[in-house]
Amino acid sequence: MSSGNGQQHGAGGDDAGPPEQLALIREAVRQAKAPRAKPRTWRGAALAEDLPVARVLVDKGVLHLDRYFDYAVPEELDAVARPGVRVRVRFGAGARTVRDGRREGGGLIDGFLVERVAESDYTGPLAALAQVVSPEPVLSPELLDLARAVADRYAGSLADVLQLAVPPRHARAEATEMGPPPAPPAAPDPASWRRYARGLEFLRSLASGGAPRAVWTALPGPWWAEEIARAVQATLASGRGALVVVPAGRPAARVDAALRTLLGDGQHALLTADAGQERRYREWLAIRRGAVRAVVGTRAAMFAPVRDLGLVVVWDDGDSSHSDDNAPFPHVREVLELRASRDKCAFLLGGWSCTVEAAQLVESGWAAPLAADREQVRAAAPLVRTVGDQDLARDEAARAARLPTLAWEAVREGLRRGPVLVQVPRRGYVPRLACAQCRAPARCRHCAGPLAAQDAGELRCGWCGREESAWHCPECGGFRLRAQVVGARRTAEELGRAFPAVPVRTSGREQVLDTVPDAPALVVSTPGAEPVAEGGYTAALLLDGWAMLGRPDLRAGEEALRRWIGAGALVRPQSAGGTVVVVAEPTLRPVQALVRWDPVGHAVRELAERAELGFPPVSRMAAVSGPAGAVMDFLAGAGLPPDAEVLGPVPVPVTEAGRPRRTGGPPPGERWERALIRVPPGSGAALASALKTALAARMARGGSGGSEAVRIRIDPPEIG
DNA sequence: AGCACGCCGACT
DNA sequence: GTCGGCGTGCTC
């Protein structure tokens with residue numbers, strides 16, 4: 001097991017960068033002009049005797065205010081003005097001293113008291129804290145440190161991160177008395193962890209206060225939630241706290257149930273998005289005050305102020321809901337990596353599948369693999385069979401019924417013994433172009449971005465915008481392209497009609513089924529919405545192959561495999577008759593990985609390829625978007641690291657009036673463009689820092705900012 | 001983002 | 001003289 005030695009790794013290890021240069025220069029000039037000032041404030045006011053200066057972070061997300069401001073601490077607020085409390089202060093250029101010495105103008109705004117110090121670097125007279133909102137020290141030094149690291153990693157402001165990390169105050173919740181922490185449980189019986197080669201070792205390390213870091217490839221089946229609960233139990237037994245982040249409410253409920261079974265009530269809290277403000281704040285406070293030592297929740301829980309944190313867990317890090325959709329868009333996996341490094345606690349990244357980022361954590365030595373051997377995998381996984389184009393062509397019956405014989409038989413056979421899952425694609429996937437002969441995705445020969453057909457019919461790169469007039473396939477030499485379309489939904493409907501005696505249940509975006517009984521039924525579901533079948537599905541039919549693999553996204557292969565494995569993991573093992581039929585070309589890498597049930601192998605190969613092509617996560621990318629002209633203007637003056645490479649800009653599709661706007665997209669009717677900047681491994685922090693400094697300067701200078709504002713997103717989620 | 005300060009043109 | 005245009009810069 002790798003333990004917390006701060007080893008470097010590509011994803012988050014390069015976190016030292018030049019800080020707020022502008023602020024530093026300004027500060028230096030000031031100090032040259034005037035020596036350090038005693039806290040001078042308005043005439044005759046009584047100040048706190050000890051440490052009369054409060055450093056305050058004003059709660060405004062704007063980057064050029066992303067530093068501390070000093071305020072005087074009046075004597076009467078001395079006792080409550082502790083580090084970490086919420087305060088209100090007068091802030092703004094309008095503030096001025098008037099006759100009686102009071103300051104007015106510049107409205108009252110919220111902030112956090114970060115630190116009490118003896119004197120201020122500021123030469124002017126200090127304004128006084130207007131109010132201490134509550135004595136509850138919500139911003140602990142650890143949380144502040146983490147929030148700053150996240151802000152730096154994502155080129156965002158500290159205030160923006162704190163908005164995600166500290167829930168809004170609720171006075172009634174704050175008044176609640178909370179009991180002492182419950183006694184730690186005994187170390188767990190490792191139970192199903194025995195199936196993993198180093199499972200026992202991992203649990204033992206947790207129980208004895210160690211900080212192992214592991215990428216865990218969970219065996220298919222329902223045991224993962226209990227295994228996470230046992231890891232939590234082991235950590236609690238060592239006298240430390242634990243934090244588990246899962247992608248959605250349903251998996252959160254599973255882990256919650258497992259924890260309740262194992263630990264009883266009162267040891268843990270469940271933090272999900274659907275709770276009201278009061279309840280959320282109450283739970284959050286209980287955690288901060290140490291009345292609760294373990295937490296399971298969805299992404300907002302990644303900042304939960306668990307006392308004496310011993311373990312962080314992220315389940316299924318490939319799920320897109322692990323990306324926060326508020327600025328600066330931090331990802332759960334990255335945040336928990338930062339927490340594990342800073343708090344020197346254990347780290348467990350688990351899933352049935354394996355992301356490229358997870359593979360990178362192992363490759364770099366930052367985390368150790370935690371996987372079962374092939375024999376265990378074979379015992380737990382279903383049999384996987386494929387139906388490719390050649391089979392379809394040979395299959396007379398398939399052409400008539402639109403469904404291959406093999407799939408047909410698997411369904412009929414499965415329905416005799418229990419429920420059968422049919423996975424169909426969600427609507428709205430945009431297929432990308434691929435070689436008509438070998439299906440290799442069509443990529444730009446210049447930057448390897450995805451090629452797309454324009455309205456006029458010409459080919460253009462989605463990243464750098466270059467036109468491609470003479471494409472040919474580098475894999476097989478073919479020169480014809482095709483975009484795949486699927487009719488899987490109709491196939492599923494036809495399937496239902498073919499077995500009229502069997503009930504058809506559907507689960508999708510609008511209505512997600514949680515479980516289905518252990519009885520014959522056709523369960524039609526979109527990826528991610530699959531109900532759990534008590535006792536497992538007898539078979540699964542994966543009809544979304546082309547829709548998944550054809551998406552114009554770098555992650556299409558990985559994502560297809562993740563979703564297939566997610567469905568396959570709900571099917572009975574092969575030994576119990578479980579079968580998966582995937583309608584996709586058997587020569588494709590993700591399909592082969594599914595057949596072998598080898599998500600790690602797939603991720604490792606994908607990682608090698610990404611390294612070769614200069615793709616994330618090996619390289620780090622940032623997207624800069626804004627009004628036409630503003631983007632390149634901004635980048636020209638941004639002082640990017642010398643090894644940074646600018647791709648594009650390309651036009652961003654115009655948001656149609658009345659259409660819902662995608663996060664970070666242009667306002668309706670405006671013409672925007674987007675450039676990608678990529679840097680080699682190790683320069684990620686320098687890139688984020690350069691972009692942040694440049695944006696702060698631009699906002700401070702540009703004043704209104706409105707029409708010239710650009711948006712920055714580190715690790716853009718969809719890169720063609 | 002607000003808001004004041006400042007340095008030019010038209011006004012009572 | 002003085003009111004007010006909004007360009008520029010600061011906010012403890």
Side-chain angles (χ1 to χ4, degrees), chain A residues 20-31 33-43 45 47-48 51-75 77-78 81 83 85-99 101-133 139 156-160 162-163 326-328 626-627 630 637 667 692-712:
Chain A
E20 312 297 314
Q21 286 162 346
L22 294 175
L24 283 180
I25 291 165
R26 224 177 283 135
E27 221 51 51
V29 169
R30 230 172 234 148
Q31 286 184 39
K33 273 196 288 211
R36 290 188 146 215
K38 277 274 164 200
R40 214 154 38 83
T41 182
W42 20 276
R43 212 183 319 155
L47 293 184
L51 305 178
V53 176
R55 318 210 78 189
V56 171
L57 178 83
V58 296
D59 195 10
K60 283 204 159 206
V62 267
L63 269 179
H64 50 285
L65 297 180
D66 197 22
R67 57 204 174 90
Y68 302 142
F69 289 87
D70 290 348
Y71 285 82
V73 181
E75 196 173 32
L77 293 182
D78 184 28
V85 298
R86 297 179 211 257
V87 293
R88 311 202 79 198
V89 293
R90 292 224 171 261
F91 188 81
R96 74 208 116 96
T97 312
V98 292
R99 286 161 305 281
R102 302 233 154 246
R103 285 173 72 84
E104 59 179 36
L108 277 177
I109 67 166
D110 292 316
F112 294 96
L113 198 165
V114 164
E115 195 185 0
R116 290 276 299 266
V117 290
E119 40 185 44
S120 172
D121 292 342
Y122 186 63
T123 54
L126 296 184
L129 294 178
Q131 189 192 346
V132 171
V133 176
L139 185 58
S157 72
L158 185 55
D160 275 348
L162 288 178
Q163 203 128 41
N326 286 301
K692 187 169 166 173
T693 308
L695 187 60
R698 187 184 182 83
M699 298 306 281
R701 184 155 24 84
S704 69
S707 69
E708 291 303 291
V710 297
R711 300 233 173 86
I712 293 172

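Here is how names work: the chains are called A, B, and so on, in the same order as the sequence lines, proteins then strands, and each is numbered from 1. No hydrogens, no waters, no symmetry mates; every other heavy atom, side chains included, goes into these values.
Ring-base stacking between Phe69(A) and dC12(C) is not satisfied when judged by a centre separation under 5.5 Å and a plane angle under 30°.
Remark: C1' of dT11(C) and OH of Tyr68(A) are 18 Å apart, rounded to the nearest angstrom. Atom CZ in Phe91(A) sits roughly 14 Å away from atom P in dA4(B) (whole-Å rounding). For the pair Asp59(A) CG and dT11(C) P, the computed distance is 20 Å after rounding to whole Å. One atom, CG of Asp70(A), and another, C1' of dT11(C), lie 13 Å apart when rounded to the nearest Å. In this structure, CZ of Arg67(A) is placed 8 Å from C1' of dT11(C), rounded to the nearest angstrom. Going from atom CZ of Arg116(A) over to atom P of dC12(C) covers 19 Å, rounded to whole Å. Between the C1' atom of dA4(B) and the CZ atom of Arg90(A) lies a distance of 16 Å, rounded to the nearest Å. Rounded to an integer number of Å, the gap from Ile109(A) CD1 to dA1(B) P is 16 Å.
A donor-acceptor pair is defined here as one N or O able to donate and one able to accept, closer than 3.5 Å; such a pair exists between the side chain of Tyr71(A) and the backbone of Arg90(A).
Taking Phe69(A) as the reference, Phe91(A) meet the ring pair (Phe, Tyr, Trp, His ring centres under 6.0 Å) condition, with sequence neighbours excluded. With sequence neighbours excluded, no residue satisfies salt bridge (charged side-chain N to carboxylate O under 4.0 Å, His left out) with Arg86(A).
With values rounded to the nearest 0.5 angstrom, Leu113(A) atom CG is found 6.0 Å from Leu129(A) atom CG.
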